[in-house]
*Asks:* 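Take a look at this one; I'll ask things after.
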Amino acid sequence: MITELAKNVYWVGVVDWAIRHFHGHELSTHRGSTYNSYLILDSKKVLVDTVWEPFQDEWLAALREVVDPAAIAIVVANHAEPDHSGGLPAVLRLCPNATVIVSKRGAESIPGHYHQKWNFKVVGTGDRVNIGSSDLVFIEAPMLHWPDSMFTYLTGRNILMPNDAFGQHLASEFRFNDQVDLEELHEEALKYFVNILTPFSTQVTRKIEEVLALNLPVDMIAPSHGVIWRKDPLQIVRKYQEWAAQKPEKRAVILYDTMWQATRRMAEAVGDGLLAENVPLKILHAVATDRNDALVEVFRSKAVVVGSPTFNNGLLPSIMPILEDLRGLKFKNKIGAAFGSYGWSGECIKVIEQHLEACKIPLAAPGVLTKWQPTADDLEKCKALGRAVAKAVLA
Ligand code: FEO
């Protein structure tokens, strides 16, 4: 599976076809992933990032096809999360005198994970390390997506290795963007941005401006997950600029859970109101929808309308994880609304609206609360709510 990206620059990563959840169970990865590791053979042999520890044996076996690991002089650890740093102990047992290049914050996180006294060299933005016929140039990229994250750029070959930034959880037999299904690639790149990078949109915009101002020629962007951007590599940079601007489409997501179908019927009536104003929408039943995929729909949409019955003076627990994500991901430029049914105490609207407020999502209209199953009048009120949200979307 070794792939030569440019003369004496190799992808030596691993494809994880089977993984379906990342960060424990936080992030769904329907299409698997890859752990990309890069090897540069110049006067000095350089390894940029490693792989997750369960894959280290096959990774080292592949590496040995190209280089004796004992000859590696420099190991760049762009980021400490174990999907990229997990192979450090194994490879550094084979090249114990190698210099381990880390960012300033990486000097905290890498030792924090491995508690080893490796030969660390700390670099900052603009620092260069000559490796023979070319240089490594380093760019700190805090919060893209951890404080320790760093980009490494290889002069001469013009390859940017930005670690997680510009990645996708996409397992493939192919290594380059011009070889894979473009729709799948776009979906996975967007899902990755939405679920991992959205809270840091401001830093993304600033960092892209900073990197572009360096005027470094870029022939490839080689992230640490998924395929390498070879054809029009800056296309993903432009997409990140667009996504980081958070200008949602004029559409809506209705996100609900239901016990005995009352709230489901309300959701569909809200949808009727939106459709009456020609606003496209998705109606997502929280328990039947992958949370990370639902977040992509919310990211794309101007409006998020949340429905739940009242349950134990609050909401159905199934709706809570996505509300927690909405708070943490800090989506911008949204509007929201609430609906729900109850039998006895009826707190659901108040609780949903409090959550939306915590997410800094202003209300487009007052919520609609129904006691027991909705009557025809209640469903008309839901439809009116949909119309009100639609007007705010289109305003
Ligand atoms: Fe792919 Fe932040 O680890």
Side-chain angles (χ1 to χ4, degrees), residues 1-23 27-40 47-52 55 58-59 62-63 66 76 78-79 81 83-84 86-87 141 144-145 149 151-154 157-197 204 208 211 216-243 292-293 296:
M1 292 288 283
I2 290 167
T3 305
E4 190 171 30
L5 307 189
K7 190 168 169 50
N8 292 329
V9 182
Y10 298 89
W11 175 88
V12 289
V14 169
V15 179
D16 186 347
W17 291 95
I19 193 164
R20 289 295 178 267
H21 295 98
F22 220 81
H23 298 147
L27 177 65
S28 61
T29 50
H30 307 313
R31 295 188 174 106
S33 193
T34 74
Y35 314 108
N36 295 342
S37 171
Y38 299 101
L39 179 69
I40 305 160
L47 187 65
V48 179
D49 292 323
T50 72
V51 301
W52 192 25
F55 293 88
E58 64 187 86
W59 166 67
L63 198 60
V66 196
V76 178
N78 277 319
H79 172 41
E81 266 199 287
D83 48 330
H84 310 298
L144 272 76
H145 70 119
S149 296
F151 298 175
T152 299
Y153 176 82
L154 177 64
R157 309 289 188 277
N158 304 337
I159 299 175
L160 180 68
M161 290 164 277
N163 196 264
D164 281 317
F166 311 122
Q168 339 88 41
H169 287 305
L170 178 63
S172 172
E173 71 273 43
F174 299 115
R175 298 280 65 80
F176 298 104
N177 64 322
D178 46 281
Q179 297 171 306
V180 298
D181 183 292
L182 294 182
E183 194 169 328
E184 288 187 359
L185 176 58
H186 175 83
E187 280 180 15
E188 294 301 335
L190 175 61
K191 180 174 177 177
Y192 195 95
F193 182 92
V194 169
N195 284 277
I196 296 173
L197 288 154
V204 168
I208 287 175
V211 173
L216 298 169
V218 176
D219 291 342
M220 280 186 209
I221 295 178
S224 57
H225 296 291
V227 295
I228 294 157
W229 303 91
R230 171 173 72 177
K231 182 177 180 185
D232 184 13
L234 292 179
Q235 66 178 282
I236 188 60
V237 176
R238 292 190 294 272
K239 277 288 169 199
Y240 266 46
Q241 286 177 308
E242 177 191 322
W243 295 335
N292 305 107
D293 294 340
V296 173

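Worth knowing before you read on, the calculation uses all heavy atoms, side chains too, and leaves out hydrogens, waters and symmetry mates. The first residue of the sequence shown is numbered 1, and numbering continues consecutively from there.
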*Asks:* On a heavy-atom basis, which atom in F166 and which in W229 lie closest, and how many Å separate them?
*Replies:* O-NE1, 2.8 Å
*Asks:* If I take atom CG from residue L190 and atom OH from residue Y240, how far apart are they, to the nearest 0.5 angstrom?
*Replies:* 9.5 Å
*Asks:* Minimum heavy-atom separation for P223 and Y38, please, with both atom names.
*Replies:* O-OH, 2.7 Å
*Asks:* Can you tell me how far apart CE (M220) and NZ (K231) are? Round to the nearest 0.5 Å.
*Replies:* 14.0 Å
*Asks:* Is the CH2 atom of W11 crowded by more than 12 outside heavy atoms at less than 6.0 Å?
*Replies:* yes
*Asks:* With a 4.5 Å limit on heavy-atom distance, are the side chains of D232 and R238 in contact?
*Replies:* yes
*Asks:* Can you give me the closest heavy-atom contact between H169 and I196, atom names plus distance?
*Replies:* NE2-CD1, 4.5 Å
*Asks:* Given the rule in the salt bridge (Lys or Arg N to Asp or Glu O under 4.0 Å) test, do K191 and E188 qualify, once you have shown the distances and angles that lead to the verdict?
*Replies:* CA-CA 5 Å; K191 180 174 177 177; E188 294 301 335; 5.1 Å; no
*Asks:* Would you say the side-chain atoms of T29 pair up with the backbone N or O of I19, donor to acceptor, closer than 3.5 Å?
*Replies:* yes
*Asks:* Which value, rounded to the nearest 0.5 Å, describes the distance between L185 atom CG and F176 atom CZ?
*Replies:* 13.5 Å
*Asks:* Please report the C-alpha distance between F151 and N78 in whole Å, then the side-chain angles of each, then the deciding distance to 0.1 Å, and finally whether the side-chain contact (heavy atoms from CB on, under 4.5 Å) criterion is met.
*Replies:* CA-CA 6 Å; F151 298 175; N78 277 319; 5.8 Å; no
*Asks:* Going from CD on Q235 to NZ on K239, what distance comes out if it is rounded to the nearest 0.5 angstrom?
*Replies:* 9.0 Å
*Asks:* Indicate yes or no: at least one non-hydrogen side-chain atom of F22 is less than 4.5 angstrom from one of N195.
*Replies:* no
*Asks:* What distance do T3 atom OG1 and L5 atom CG have between them, rounded to the nearest 0.5 Å?
*Replies:* 7.0 Å
*Asks:* Quick one: closest heavy-atom pair of V237 and I208, and the distance?
*Replies:* CG1-CG2, 3.5 Å
*Asks:* If you count the non-hydrogen atoms of other residues, nucleotides and ligands that lie under 6.0 Å from CD in E173, is the total more than 12?
*Replies:* yes
*Asks:* How would you list, by chain and number, every residue that makes a side chain to side chain donor-acceptor pair (under 3.5 Å) with W243, sequence neighbours excluded?
*Replies:* none
*Asks:* What distance separates D83 CG from T34 OG1, expressed to the nearest 0.5 Å?
*Replies:* 10.0 Å
*Asks:* Between E58 and F55 (side chain of the first, backbone of the second, donor and acceptor by atom type, cut-off under 3.5 Å), is there such a pair?
*Replies:* no
*Asks:* Kindly determine whether H23 and E81 satisfy side-chain contact (heavy atoms from CB on, under 4.5 Å), including the steps that lead there.
*Replies:* CA-CA 9 Å; H23 298 147; E81 266 199 287; 3.3 Å; yes
*Asks:* If you compare all heavy atoms of V51 against all heavy atoms of G13, which two are closest, and at what distance to 0.1 Å?
*Replies:* CG1-CA, 4.5 Å
*Asks:* Show the nearest heavy-atom pair for residues A62 and I2, with the distance to one decimal.
*Replies:* O-CD1, 3.0 Å
*Asks:* Could you tell me whether a side-chain N or O of R175 sits under 3.5 Å from a main-chain N or O of V227, the two making a donor and an acceptor?
*Replies:* no
*Asks:* Are the side chain of D16 and the backbone of S33 linked by a donor-acceptor contact shorter than 3.5 Å?
*Replies:* no
*Asks:* Would you mind writing out the side-chain donor-acceptor pairs for residues 157-165 within the sub-3.5 Å range, not counting sequence neighbours?
*Replies:*
unit_1	atom_1	unit_2	atom_2	d
R157	NE	K7	O	2.8
R157	NH2	K7	O	3.2
N158	OD1	Y153	OH	3.2
N158	ND2	D219	OD2	3.2
N163	ND2	D49	OD2	2.9
D164	OD1	H84	NE2	3.0
D164	OD1	Y192	OH	2.9
D164	OD1	S224	OG	3.4
D164	OD1	H225	NE2	3.1
D164	OD2	H79	NE2	3.1
D164	OD2	H145	NE2	3.1

